[in-house]
Amino acid sequence: MSLLQDLVLVTKNLASKEYSQKIHQQLLAACADEETAQTFIGYASTL
């Protein structure tokens, strides 16, 4: 699965807490900073 697809699952509360934390860590590693990561989380919540 892609990171964006995983984020959609997380924002819709369809992922376990542990999986959500793993995805958040992957997102932070892929983004320049927390603000950028939050932007992607906000985008994923609209899908």
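- Remark: side-chain polar atoms of Gln5 are paired, donor with acceptor, to backbone N or O of Ser2 under 3.5 angstrom.
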Output, in order, the C-alpha distance, side-chain angles, deciding distance and verdict of side-chain contact (heavy atoms from CB on, under 4.5 Å) for Leu47 and Leu7. CA-CA 10 Å; Leu47 299 177; Leu7 281 173; over 6 Å; no
Please list every donor-acceptor pair under 3.5 Å in which a side-chain atom of residues 35-43 meets a protein atom from a residue at least two apart or in another chain.
from  : atom 1 : to    : atom 2 : distance (Å)
Thr36 : OG1    : Asp33 : OD1    : 2.7
Gln38 : NE2    : Glu34 : OE2    : 2.6
Thr39 : OG1    : Glu35 : O      : 3.0

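- Leu28 belongs to no hydrophobic cluster, as no Ile, Leu, Val, Met, Phe, Trp or Tyr side chain comes under 4.5 Å of its own.
- When all heavy atoms of Leu4 and Ala44 are compared, the closest pair comes out as CD1-CB, 4.1 Å.
- Across all non-hydrogen atoms, the minimal contact from Ala30 to Leu3 is CB-CD2, 4.3 Å.
- For Ala15, the side-chain contact (heavy atoms from CB on, under 4.5 Å) partners at least two apart in sequence or on another chain are Val10, Tyr19, Ser20.
- Taking CG of Leu14 as the reference point, atom CG of Leu9 lies at 6.0 Å (rounded to 0.5 Å).
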